[in-house]
There are 2 protein chains.
Amino acid sequence: MVTVHDVARHAGVSIATVSRALNDRSRVSAATRDRVLRIATELGYHPNDLARGLAGMATRTIALLLPDITNPFFPELVKGVQTVADERGHLLLMCHNADDEDKAIADLVLLRRKRVDGILLVAGTLPGVGVVAASAGIPTVVLDRRVPGLDADLVTVDHRAGARLGVEHLLGLGHRRIAYLTGPADVVSSQERSEGWREALVAAGVEPTPDLVVGGDFTEDGGYAAGRELLTRPAGITAVFAANDLGAIGLLRALTEAGLRVPDDVSVVGFDGVHLAAYTSPRLTTVAQPIFDLGRTAAELLLNRLAAAPAPGSEPQTLVLPTRLEIRNSTASYPLSCQV
Amino acid sequence: MVTVHDVARHAGVSIATVSRALNDRSRVSAATRDRVLRIATELGYHPNDLARGLAGMATRTIALLLPDITNPFFPELVKGVQTVADERGHLLLMCHNADDEDKAIADLVLLRRKRVDGILLVAGTLPGVGVVAASAGIPTVVLDRRVPGLDADLVTVDHRAGARLGVEHLLGLGHRRIAYLTGPADVVSSQERSEGWREALVAAGVEPTPDLVVGGDFTEDGGYAAGRELLTRPAGITAVFAANDLGAIGLLRALTEAGLRVPDDVSVVGFDGVHLAAYTSPRLTTVAQPIFDLGRTAAELLLNRLAAAPAPGSEPQTLVLPTRLEIRNSTASYPLSCQV
DNA sequence: CTGAAAGCGCTTACAG
DNA sequence: CTGAAAGCGCTTACAG
């Protein structure tokens with residue numbers, strides 16, 4: 001490995017000058033800098049980031065902690081983050097914790113040892129107690145879901161308002177008996193979407209009775225099981241609002257398998273707006289989040305914080321991006337529908 | 001930040017002893033070691049990996065380079081890799097290059113600076129020339145797709161044999177005019193699947209004419225466009241073999257939209273066996289790769305290499321895992337089908 | 001079993 | 001503008 005010493009020797013300068021030429025573009029003569037740079041290139045010099053970090057420099061590395069890599073929501077989010085990281089010359093490291101808080105904490109411990117500059121945290125089902133401690137002192141932006149107790153910037157959408165949007169669409173179509181396919185019980189965003197469903201129903205004078213709620217977990221499997229369960233209920237359901245698209249996809253399959261037609265017999269609305277939702281059969285009407293922008297915005301917020309002078313008095317920021325109802329082919333008006 | 005010096009002072013020993021107690025479990029008395037360990041915990045000591053790496057130790061970090069995070073194939077692969085990394089106490093870093101070789105090279109350069117111990121490389125469409133150079137000297141295992149010129153271990157499936165499996169299934173059902181939905185032209189695995197399709201047809205006495213081939217790119221969008229294109233051809237096609245599941249999903253949508261029924265009017269076979277393929281409508285018959293095991297096996301191979309004494313004479317290994325035909329509901333026998 | 005010292009590759013005041 | 005020196009936090013022969 002070629003080091004600053006090699007470059008210094010070949011250039012006939014000290015290692016301090018090499019370092020300055022490489023980093024601090026100000027306090028070195030143009031001629032010297034050019035020569036050093038040229039020789040560094042000729043020699044195939046690559047700075048050792050470990051040494052750099054040890055000597056106190058930023059590592060220009062941020063980490064993204066993902067709770068669930070299987071949900072197509074996250075790849076789209078990653079793209080948004082990646083775009084910004086690339087633009088600003090930062091390396092993006094991703095760690096996957098499968099919604100396991102201990103794994104997330106372990107990742108955080110290791111990332112701290114590596115002296116990452118900042119962290120983008122998608123909270124998932126994490127209660128956050130251990131995570132809050134493990135991320136202490138590292139600039140952090142939380143994505144999509146709020147972590148109780150974490151005093152960090154947050155970028156998210158208004159899940160509750162989004163859910164109302166979806167349910168109001170169904171109400172406007174004439175549906176009254178609108179079931180709700182939940183996400184995992186301990187995920188905050190899932191809870192908020194649940195409240196949105198409830199509020200929209202109540203506002204329309206419909207009682208959100210327990211027989212309208214069926215438990216899911218944000219996966220196709222969970223949505224499928226929920227669909228099978230719904231079919232056994234004599235609830236007169238004509239529409240289902242699903243807490244996320246992946247669950248809706250599983251639900252669609254259960255309904256279709258049972259011989260029901262969507263949207264002729266039952267209407268279905270999803271949440272997230274993943275790319276895939278445009279390819280289901282029928283194409284899924286859904287409450288779309290600006291997923292890419294969510295990632296982009298969070299990354300920008302983090303990198304701006306890192307670039308700014310450390311301002312201890314600055315309040316944590318919350319950015320709420322808008323959702324949008326994407327009407328496709330899985331919803332139809334009630335008079336034209338039969339009941340489940 | 002508490003350092004070895006703090007621990008040493010509190011324990012009344014030298015930093016050398018602290019280091020030994022922390023790492024080398026042999027050359028320190030049990031009593032001393034226990035005391036040091038206890039004090040390190042009390043003080044909340046966390047070793048600085050930058051310093052460790054600088055001093056010559058392994059970083060216990062491996063990186064996974066992904067060409068396409070949107071394809072659900074990759075999340076399942078990541079899970080396999082992650083499992084092994086966790087078991088063996090390594091941090092897994094993921095980098096996404098969106099099939100852009102320059103980005104992959106940039107990642108490789110940065111990862112080298114960070115002194116990752118080894119690399120898992122999913123090659124994607126990368127021609128590999130620059131990548132080969134950028135990964136030189138770092139233990140590397142290539143996943144899924146061969147990189148011409150890279151003298152590294154390879155874990156993959158026999159794409160050609162897998163494709164034959166899928167096409168033979170259709171031939172066995174009585175289909176003759178079997179179209180092929182390609183992947184990106186420069187992806188090796190896509191090319192090999194294409195050859196499998198061709199071979200199976202030829203072996204059955206069917207000529208693989210150009211009007212049977214339609215171009216895709218492994219995405220839903222590509223599959224959809226290909227489906228629209230196929231519909232305009234007077235080729236008498238009764239079945240389509242798709243180079244991957246995601247493409248098949250887009251194809252399904254184009255066919256369905258045009259009023260065709262799958263499998264009654266057209267049979268469709270995919271490739272990959274992503275979880276999602278069990279949730280399409282109809283459920284997709286596909287040539288399944290052991291995706292999770294692919295990731296697991298590659299990670300094990302890499303970590304075994306890292307653990308072993310550096311053996312310069314050791315030949316690069318190639319591990320070929322079996323594919324399996326997963327018959328679901330998107331294929332039916334030809335006599336019962338009409339033509340496109 | 002344990003300590004003093006050198007060294008990993010860099011950056012950054014401090015002088016000049 | 002430039003160099004000599006100290007220091008970042010660790011590990012590892014080398015002595016004892």
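So you know, we letter chains A, B, ... as the sequences are listed, proteins then strands, and number each from 1.
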- Report the distance from atom CE of A:Met1 to atom C1' of C:dG9, rounded to the nearest whole Å. 12 Å

- Tell me which residues in residues 48-58 of chain A put a heavy atom below 4.0 Å from DNA chain D, sorted by number, or none. A:Leu54, A:Ala55

- Message: When you measure from the side-chain N and O atoms of A:Thr3 to the phosphate of C:dC8, is any distance below 4.0 Å, counting only OP1 and OP2?
- Response: no

- Value rounded to 0.5 Å, distance of NE2 in A:His96 from OG1 in A:Thr70: 6.0 Å

- Note on the structure: Here the pair of heavy atoms bringing B:Ala104 nearest to B:Leu65 is O-CD2, 4.0 Å

- For B:Thr59 and B:Lys114, which heavy atoms make the closest approach, and how far apart are they? CG2-O, 4.0 Å

- Query: Step by step, would you call B:Val13 with B:Val36 a side chain to side chain contact (heavy atoms under 4.5 Å, CB included)?
  - Reply: CA-CA 9 Å; B:Val13 296; B:Val36 169; 4.2 Å; yes

- Please answer whether the main-chain N or O of A:Arg60 pairs with a side-chain N or O of A:Arg88 as donor and acceptor at a distance below 3.5 Å. no

- List DNA chain C stems (3 or more consecutive Watson-Crick/G-U pairs, under 3.5 Å)? C:1-3 with D:14-16, C:5-12 with D:5-12, C:14-16 with D:1-3

- Message: On a heavy-atom basis, which atom in B:Ser14 and which in B:Ala8 lie closest, and how many Å separate them?
- Response: C-CB, 3.8 Å

- Rounded interatomic separation in angstrom, taking CZ from B:Arg60 and C1' from D:dC10: 17 Å

- Query: Expressed in angstrom and rounded to an integer, what is the separation of B:Leu22 atom CG from D:dT11 atom C1'?
  - Reply: 11 Å

- Approximate separation, where rounding is to 0.5 Å, of B:Thr156 OG1 and B:Leu319 CG: 10.0 Å

- Task: Could you tell me whether the side chain of B:Arg112 and the main chain of B:Ala136 form a donor-acceptor pair under 3.5 Å?
- Result: yes

- Gap between atoms OH and C1', on B:Tyr45 and D:dG9 respectively (whole Å): 7 Å

- Full working for side chain to side chain contact (heavy atoms under 4.5 Å, CB included) between B:Phe73 and B:Gln289: CA-CA 9 Å; B:Phe73 177 87; B:Gln289 301 192 56; 3.4 Å; yes

- Message: Let's go through B:Leu120 and B:Leu302 carefully: what are the C-alpha distance in whole Å and the side-chain angles of both, what is the deciding distance for side chain to side chain contact (heavy atoms under 4.5 Å, CB included) to 0.1 Å, and is it a yes or a no?
- Response: CA-CA 8 Å; B:Leu120 252 24; B:Leu302 180 62; 3.5 Å; yes

- Return the 5'-most residue of the pair B:Ser14, A:Ile15 with respect to DNA chain C, ranking by each residue's nearest nucleotide. B:Ser14

- Please check the phosphate of D:dT11 (OP1 and OP2 only) for any side-chain N or O of B:Ser19 closer than 4.0 Å. yes

- Task: Determine the contact category for A:Val13: base if any of its heavy atoms lies under 4.0 Å from a base atom, sugar-phosphate if only primed atoms, P, OP1 or OP2 are that close, otherwise nothing.
- Result: sugar-phosphate

- Protein-nucleotide distance (B:Lys114, atom NZ; C:dC10, atom P), rounded to Å: 14 Å

- Task: Calculate the interatomic distance between B:His5 atom NE2 and D:dG7 atom C1'; express it in whole Å.
- Result: 11 Å

- Task: Looking only at non-hydrogen atoms, find the nearest pair between B:Leu306 and B:Asp117 and report the distance.
- Result: CD2-O, 3.4 Å

- Item | Whole-Å gap separating P (C:dC8) and NE2 (A:His46) | 20 Å

Would you tabulate the pairs of protein nitrogen or oxygen atoms and nucleotide nitrogen or oxygen atoms of nucleotides 13-16 of chain D closer than 3.5 angstrom?
residue, atom, partner, partner atom, Å
D:dA13, N6, B:Arg20, NH2, 3.1

- State whether A:Thr17 places a side-chain N or O below 4.0 Å from either non-bridging phosphate oxygen (OP1 or OP2) of D:dG3. yes

- Item | side chain to side chain contact (heavy atoms under 4.5 Å, CB included) assessment of B:Ile62 paired with B:Leu93 | CA-CA 6 Å; B:Ile62 59 174; B:Leu93 267 25; over 6 Å; no

